[in-house]
Amino acid sequence: MNGFLKWFFAFMSEMLQGYAMMFSGIGNGFLKVFNIKMYIELFKTYSTEFTTASWILSILAIIIVIAIYLLVLLLIIMAIRKYIRFRHSIVSNEDLLEEITVLQRRVMKMAKEKDEIMAMKVAQMGGGAIAPGLSLTAEELEGEQAENIQQAAGEDGMVITNDRRFSKLYEVDLFYKNYTPPQYDDSITLEEICERFRNFACSKMNLYYDIKTIRLYIAGMASTKLIILQGISGTGKTSLPYSFGKFLQFDTTIASVQPSWRDRTELFGYFNEFTKNFNETEVLRRIYDASYNDNINFILLDEMNIARIEYYFAEMLSILEMPNADEWELDLVPNVWSTDPQNLDHGRLRIPQNIWYIGTANNDDSTYAISDKVYDRAQPINLDAKGIAFEAPPTEPLYLSYSHLDAMFKEAFEKYPISKENLQKIQQLDLWVIDKLRVAFGNRIIKQMGLFVPVYVACGGDELDGIDYVLATKIFRKFESLNLAMLRDELKELCVYINKSFGKNKMNESIAYLERLQKLF
């Protein structure tokens, strides 16, 4: 034990002496650099031998040295000031966000108080609670006041009541009691849909879309229920799903995302325990409406990344990942009322297959970055250029059923599967990327590619173009999270490998994206 202590003492002593020498050396060096007295003595010693030219050069040398020191000192002061301003801006932003949060809470509290006051007024009149937006005539109000509403629990736990907590969904039930579906066009092909919609948007709405954009949109519908339209402002991100709804004669439901959205209640509504009414949103109504019809339904989440998508859309992201569509259910209320809408099953709403969520996204300082979890479940479509005007014949809208569209998708899957040769090239590319960049494709993306590419071909596109687009938007996009400044050589090698494997000028989307990454980082 004594031997260990002696060794440990000697070991630590040597180490500490080393640190002392290191700091002492730095201090001595600093003192030597700024030893003005020594510089004066040196100047006196050697100045006796100076000529006129030597005097001029020596004075010039002293001025240059002093200027360099002043420049270094100025740079240090500017760096400190910049850091202080940066810290001040961060603190100011945090204070502003905190103030916004407080104001949002106050607004929610005032809205709740408003609901309570309205409920109290109705109660004073002798009637039941009235759902927001549902107006009653004087005769109906007197009937509500005169009626003695009894509530009791049935044998299966159902609450027997005359109140209606889902006023908007009840209106949908009433509408579809005498609903006659339109005459659908079940002879049109996917390629014809693309051409006809492009001409319709041009002739009826003065909107100009490249045919490739429309093919990507429809192919994206075949691969996932969530499509993200991203790019600069003014390229038609919002107008594309809006005009497509007009083309199918079933308007797109637009939900403008707000920065305050924190959970699913902003999107689907919530049950007010005080008023005993469900605050329904237009999104919820559209989902319920889609359960009755065979139309193609779009819900547009405008500026979807102005709030965190993982907060307000988290439940739907999980639902859409379930392999069994029968399990796509949204829990709305925990119990059952006798007056609940017909298509509500024990407080749960089944998400129909004939509905798609279309999100628009801008990437700027006012928005949040879209996470990999969202991108992996969606099909991004880049709209980076303004549409070029062209002449189109007058084109009328059509009625297209979901059943026919789904049948065309399934036909495309069987008729235009990705060739074995290209599948093998994709697998080899996956191995190359894993080896060089430590990034893997993932089974979900490969599955989506297998659905996207055949439909893209059926719409009139080329198989390699479809593969190229999926690689660029869903796989190579993951490279942005890497330290690309250290991987420029690997990215150049990847471009060479892609050209060699798939052919030169065949994968233009991927090559352009990889070259852009090399320039940016």
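- The closest donor-acceptor contact from the side chain of S401 to the backbone of Y399 lies at 3.5 Å or more, if one exists at all.
- Within the 4.5 Å cutoff, the side chain of I228 has heavy atoms near those of the V374 side chain.
- A 4.5 Å side-chain heavy-atom check between I426 and I446 finds at least one atom pair inside the cut-off.
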Which side-chain N or O atoms in residues 449-458 pair as donor and acceptor under 3.5 Å with protein atoms at least two apart or in another chain?
none

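- Looking at T339, its side chain does come within 3.5 Å of a backbone N or O of D163 through a donor-acceptor pair.
- For R348, the salt bridge (charged side-chain N to carboxylate O under 4.0 Å, His left out) partners two or more places apart in sequence, or in a different chain, are E329.
- Within the structure, every pair that satisfies the ring-ring contact (aromatic ring centres under 6.0 Å, His included) test and touches residues 417-437, not counting sequence neighbours, is listed here: W432-Y497.
- Remark: Q230 CD to T235 OG1 distance equals 10.5 Å, nearest 0.5 Å.
- N335 CG to M158 CE: the interatomic distance, rounded to the nearest 0.5 Å, is 10.5 Å.
- Rounding to the nearest 0.5 angstrom, the gap separating the CD atom in Q427 from the CG atom in L429 is 11.0 Å.
- A donor-acceptor pair is defined here as one N or O able to donate and one able to accept, closer than 3.5 Å; no such pair exists between the side chain of Y375 and the backbone of T473.
- Looking at K246 and D251, their side chains come closer than 4.5 Å, going by heavy atoms from C-beta outward.
- Distance check: N199 CG to I211 CD1 gives 8.0 Å after rounding to the nearest 0.5 Å.
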Quick one: do Q379 and M221 satisfy side-chain contact (heavy atoms from CB on, under 4.5 Å)? Show the steps, please.
CA-CA 8 Å; Q379 175 55 53; M221 291 174 61; over 6 Å; no
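- Not a single donor-acceptor pair under 3.5 Å links the side chain of K204 to the backbone N or O of A201.
- Taking every heavy atom of both residues into account, A361 and I370 meet most closely at CB-CD1, 3.8 Å.
- Between E515 and K519 no salt bridge is recorded (no basic side-chain N to carboxylate O distance below 4.0 Å).
- Atom NZ of K436 has 12 or fewer neighbouring heavy atoms from other residues, nucleotides or ligands inside a 6.0 Å radius.
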side-chain contact (heavy atoms from CB on, under 4.5 Å) between N499 and M507, worked out
CA-CA 7 Å; N499 283 328; M507 309 292 281; 5.6 Å; no
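- The 12-atom threshold is exceeded at CG of L174, counting heavy atoms of other residues, nucleotides or ligands nearer than 6.0 Å.
- Between the side chains of E303 and T367, no donor-acceptor pair is found at a separation under 3.5 Å.
- Proximity of a side-chain donor or acceptor of E280 to a complementary backbone N or O of G269 within less than 3.5 Å is not detected.
- Two residues are said to be in side-chain contact when any heavy atoms from C-beta on lie closer than 4.5 Å; Y292 and Q342 meet this criterion.
- Looking at N382 and Y469, their side chains come closer than 4.5 Å, going by heavy atoms from C-beta outward.
- Across every non-hydrogen atom of N362 and I232, the tightest pair is OD1-C, 4.4 Å.
- The minimum heavy-atom distance between N354 and N293, with the atom names listed, is ND2-O, 3.0 Å.
- Note that R198 lies in the cation-pi zone of F390, set by a 6.0 Å cut-off to the ring centre and a 45° limit from the axis.
- A heavy-atom distance below 4.5 Å is found between the side chains of V433 and F479.
- There is no side-chain donor-acceptor pair under 3.5 Å between Y402 and N297.
- In summary, of the residues considered (D263, L226, V257), a side chain to side chain contact (heavy atoms under 4.5 Å, CB included) with F313 occurs for L226 alone.
- Residues E192 and S187 come closest through the heavy atom pair OE1-O, 4.3 Å.
- Closest approach of D468 and K506 over heavy atoms only: OD2-O, 4.3 Å.
- Between the side chain of Y288 and the main chain of L349, no donor-acceptor pair closer than 3.5 Å is present.
- Salt-bridge annotation for D173 and K177: absent, with no side-chain N of the basic residue lying under 4.0 Å from a carboxylate O of the acidic one.
- Surrounding CG of D384 are more than 12 heavy atoms belonging to other residues, nucleotides or ligands, all under 6.0 Å away.
- Less than 6.0 angstrom separates the ring centroid of F244 from the ring centroid of F298.
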Passes side-chain contact (heavy atoms from CB on, under 4.5 Å), M205 versus F200? Steps please.
CA-CA 7 Å; M205 307 188 72; F200 167 83; 3.9 Å; yes
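- By the 4.5 Å heavy-atom criterion applied to side chains, F278 and L169 are not counted as neighbours.
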Set out, in order, the CA-CA distance, both residues' side-chain angles and the distance that settles salt bridge (charged side-chain N to carboxylate O under 4.0 Å, His left out) for E282 and R286, then state yes or no.
CA-CA 6 Å; E282 287 302 315; R286 185 57 179 271; over 6 Å; no
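- Side chain of T252 to main chain of P241: a donor-acceptor pair is present (N/O by atom type, distance under 3.5 Å, no hydrogens or angles).
- Rounded to the nearest 0.5 angstrom, L301 CG and L229 CG are separated by 10.5 Å.
- Here D372 pairs with R477 in a salt bridge; the nearest charged N to carboxylate O distance falls below 4.0 Å.
- D289 is linked by a salt bridge (charged side-chain N to carboxylate O under 4.0 Å, His left out) to nothing, counting only residues two or more places apart in sequence or in another chain.
- Counting non-hydrogen atoms of other residues, nucleotides and ligands closer than 6.0 Å to CD of E310 gives a total above 12.
- Here the closest non-hydrogen pair linking S366 and I306 is O-CG1, 3.9 Å.
- Side-chain N or O atoms of S501 include none that pairs as donor or acceptor with a backbone N or O of I498 at under 3.5 Å.
- Here the CG atom belonging to D294 is positioned 10.0 Å from the CG atom belonging to L405, to the nearest 0.5 angstrom.
- A side-chain donor from one of Y270 and N279 sits under 3.5 Å from a side-chain acceptor of the other.
- Side chain of Q448 to backbone of T224: no donor-acceptor contact under 3.5 angstrom is found.
- A salt bridge (Lys or Arg N to Asp or Glu O under 4.0 Å) check over residues 445-467, counting only residues at least two apart or in different chains, returns nothing.
- With a 6.0 Å cutoff to the six-membered ring centre and a 45° limit on the axis angle, R196 does not count as a cation-pi contact of F247.
- Side-chain contact between N483 and L487: absent, with no pair of heavy atoms (C-beta onward) separated by less than 4.5 Å.
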Candidate pair M316 and K225, rule side-chain contact (heavy atoms from CB on, under 4.5 Å), full reasoning
CA-CA 10 Å; M316 189 58 68; K225 295 294 182 181; over 6 Å; no
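- With sequence neighbours left out, the side chain to side chain contact (heavy atoms under 4.5 Å, CB included) criterion links D210 to K212, T213.
- Although no hydrogens or angles enter the test, the distance criterion places a donor-acceptor pair under 3.5 Å between the side chain of T281 and the main chain of L267.
- For the residue pair Y209/S239, the side-chain donor-acceptor check at 3.5 Å is satisfied.
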